[in-house]
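In what follows, a single structure is set out as structure tokens and then discussed.
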2 protein chains.
Amino acid sequence: MARQRSRNVTLTDVARRAGVSVATASKALNARDEVAPETRRRVLEAAEQLAFQPNVLARGLLTGRTRTIGLLTDELGGRFSIPILLGVENALANGQMSVLLCDARGDAIRRQHYIRTLLARQVDGFVVLGESNDLRPSLTRHIPVPVVYVYGESDNPDDLSVLADDEHGARLATEHLVSLGRRRIAHVTGPESYRAARDRAASARAVLAAAGLQLAGGAPLFGEWSQRWGRHAARTLLAAHPDIDAIFCGNDQIAAGVAGALREFGRQVPEDISIVGYDNWHEFAADCQPPLTTVDLNLQRLGETAVHHLFAALDGQPATGVVRQPCRLVVRDSTGPPPPRLAR
Amino acid sequence: MARQRSRNVTLTDVARRAGVSVATASKALNARDEVAPETRRRVLEAAEQLAFQPNVLARGLLTGRTRTIGLLTDELGGRFSIPILLGVENALANGQMSVLLCDARGDAIRRQHYIRTLLARQVDGFVVLGESNDLRPSLTRHIPVPVVYVYGESDNPDDLSVLADDEHGARLATEHLVSLGRRRIAHVTGPESYRAARDRAASARAVLAAAGLQLAGGAPLFGEWSQRWGRHAARTLLAAHPDIDAIFCGNDQIAAGVAGALREFGRQVPEDISIVGYDNWHEFAADCQPPLTTVDLNLQRLGETAVHHLFAALDGQPATGVVRQPCRLVVRDSTGPPPPRLAR
DNA sequence: CTGAAAGCGCTTACAG
DNA sequence: CTGAAAGCGCTTACAG
């Protein structure tokens with residue numbers, strides 16, 4: 001760590017070693033075709049020998065393109081940001097671009113500061129990552145380069161928002177339970193203030209209605225995104241509706257809590273009561289007792305999709321509106337058909 | 001999103017509006033004292049009116065400093081990276097620096113590629129974030145700017161590594177149990193191949209030995225970092241050593257699994273058997289039944305500490321060796337004194 | 001105190 | 001095909 005930064009090898013060094021001008025060296029390295037093959041060979045050899053790395057700042061100053069994008073997050077600590085971030089980083093790297101990371105921590109001042117900072121660094125575009133899938137105020141008017149919103153939807157329909165399709169995810173979950181022969185299905189989920197909770201609940205009800213069914217208890221149980229709430233809700237449900245045969249949970253934590261409570265009450269999962277979670281949060285879903293059937297939002301792919309749309313916008317092909325990416329049902333051991341004696 | 005990037009406001013624009021040369025404008029904005037107060041006022045006003053943001057690339061080209069550091073991670077998806085990342089981001093932002101994020105995904109080729117990319121972007125320094133706290137190969141010989149390793153220790157003692165103090169964390173946990181009057185303490189932890197598991201186990205044994213005790217069963221139970229292993233190990237322990245009165249777990253997932261199994265066996269937590277977890281992973285520890293006493297590694301602060309050391313190195317004050325940051329015991333409901341009838 | 005000039009490292013017309 | 005020159009936006013001696 002004590003090493004000094006040595007002077008960088010510059011194009012001038014390469015040119016000198018190859019015995020050409022910097023202009024020619026530049027053309028040779030950038031594979032422009034106005035260079036003699038033998039000259040190019042000499043330049044490439046010199047660059048190789050000197051381990052030349054072009055200074056990206058100088059190039060950016062000239063071209064106005066930095067091949068850098070700003071990733072503005074609201075709350076990186078949240079559960080959903082990381083897989084999306086990974087997808088964004090991966091897709092950008094595949095496109096030879098880099099990402100400057102800024103976490104606003106839900107603070108508007110901090111967010112504005114970061115927007116200025118990123119613009120001063122001449123980023124080519126922005127990805128704005130929401131902490132929930134609720135509508136969020138558009139930032140685009142402050143940003144003179146292309147912006148794509150991911151996970152959280154911009155409130156300006158002229159922006160492009162790339163979202164997980166919760167209607168689809170909840171439909172997959174509910175149809176799975178119905179197709180297994182479940183008929184008295186309850187829904188335990190997070191706070192009604194979350195769009196995710198409302199959308200999933202609405203979708204579940206729609207699927208049941210189409211099958212001539214309704215939610216056990218008549219309505220979703222809105223609460224918290226926690227195991228604790230799952231345990232509590234399961235007890236309440238068993239007391240009020242002892243004949244339920246399935247519980248669709250708004251996330252995997254709730255599902256894990258439900259599973260724990262059902263076990264304490266001696267109900268067998270999946271035979272007596274099947275459980276579906278949501279999120280495919282590995283540590284909760286796969287490590288649950290029993291492992292949970294759940295909905296995977298494909299978050300990493302969501303990040304990649306957002307970047308592909310950003311690339312399109314950088315190429316002059318911007319889109320607007322909402323792109324919804326489908327979900328995927330992951331079937332594990334927490335769902336199955338009712339026991340034969342109860343089959344109808 | 002369809003907006004065109006408009007030409008940026010440059011220092012030339014500001015200078016023209018203020019009626020001065022760019023040289024004077026530059027000095028005024030950078031608060032150098034060779035400028036008349038009235039001139040400075042006019043320049044600042046012009047900059048304000050034009051919403052001038054200096055082009056950081058141009059400045060970087062000139063000064064050789066970009067105020068950007070590269071964060072090289074091995075596996076961002078891992079449990080520990082995020083809090084550390086947050087700490088790094090926060091400390092850098094406080095120092096008016098930005099972070100370029102690169103996740104090598106444990107791939108050596110990809111890692112080398114990122115090192116070259118970051119150097120081409122003229123980063124001022126690197127933070128290298130390990131995915132585990134095992135020793136890792138030093139990258140410093142490829143990097144001509146200051147490097148600080150965080151969480152994972154570099155195998156070169158000439159590097160600086162900022163680490164969580166697992167010896168301390170396990171000591172806090174074990175001393176807590178001993179001080180509560182627990183005497184038959186078991187240790188259930190992750191794979192022995194992890195340094196974290198070995199270090200914590202060794203520390204627990206040392207504390208017990210100092211108190212004239214030894215681990216229930218004579219040795220730690222190494223297994224996996226999962227609830228499943230926690231459940232399994234708890235059953236094994238109860239069968240072999242029905243009189244144990246505490247279990248120190250290598251992480252919170254194991255502890256949650258242990259808590260679930262003990263409940264099924266009708267053992268009261270914390271009265272009959274107290275449990276301590278490790279990591280203070282909120283979703284597992286605080287939401288456990290009962291909420292877990294656990295060890296918090298202060299990971300966010302670890303990231304901040306690493307950045308402070310990097311700043312020192314950038315200021316010409318590099319350090320070498322290992323910095324270990326203390327842990328913190330978080331006491332919740334899973335630990336308490338033995339019931340009076342059993343107290344001795 | 002102010003400004004003309006040089007220069008950071010590169011790319012791109014343009015002339016030869 | 002090659003290279004001298006201009007220039008991206010800024011900062012810093014240096015001269016006045």
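Residue numbers start from 1 in every chain, and the chains themselves are labelled A, B, ... in the order their sequence lines are given, proteins ahead of strands.
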Problem - Side-chain donor-acceptor contact under 3.5 Å, A:Ser154 with A:Arg136 - result: no
Fill in the blank from the handout: Outermost contacting nts on DNA chain C, any atom under 4.0 Å from chain B heavy atoms, listed 5' then 3', are C:dC1 to C:dG9
Exercise for the section: Check B:Arg195 against B:Asn133 and note the closest heavy-atom contact, atom names and distance. Expected result: CD-O, 3.1 Å
Exercise for the section: Over all heavy atoms of both residues, which pair between B:Gln325 and B:Leu297 is shortest? Give the atoms and the distance, please. Expected result: NE2-O, 3.5 Å
Problem - Comparing B:Leu62 and A:Arg59 on DNA chain C - which has the more 5′ nearest nucleotide - result: B:Leu62
Fill in the blank from the handout: Taking for A:Thr24 and for A:Leu61 the nucleotide of DNA chain C with the nearest heavy atom, the one nearer the 5' end belongs to A:Leu61
Exercise for the section: Any strand is fair game: report the nucleotide pairing with C:dG3 by Watson-Crick or G-U wobble, both distances under 3.5 Å, or none. Expected result: D:dC14
Exercise for the section: Would you indicate whether the side-chain heavy atoms of A:Val322 and A:Glu153 approach each other to under 4.5 Å? Expected result: yes
Exercise for the section: Answer with base, sugar-phosphate or nothing: what part of the nucleic acid does A:Ala36 contact at a heavy-atom distance below 4.0 Å? Expected result: sugar-phosphate
Problem - Pair B:Glu45 + B:Arg17: basic N to acidic O under 4.0 Å - result: no
Problem - Residue pair A:Leu92, A:Ile69: steps toward the side chain to side chain contact (heavy atoms under 4.5 Å, CB included) verdict - result: CA-CA 8 Å; A:Leu92 286 173; A:Ile69 74 106; 3.2 Å; yes
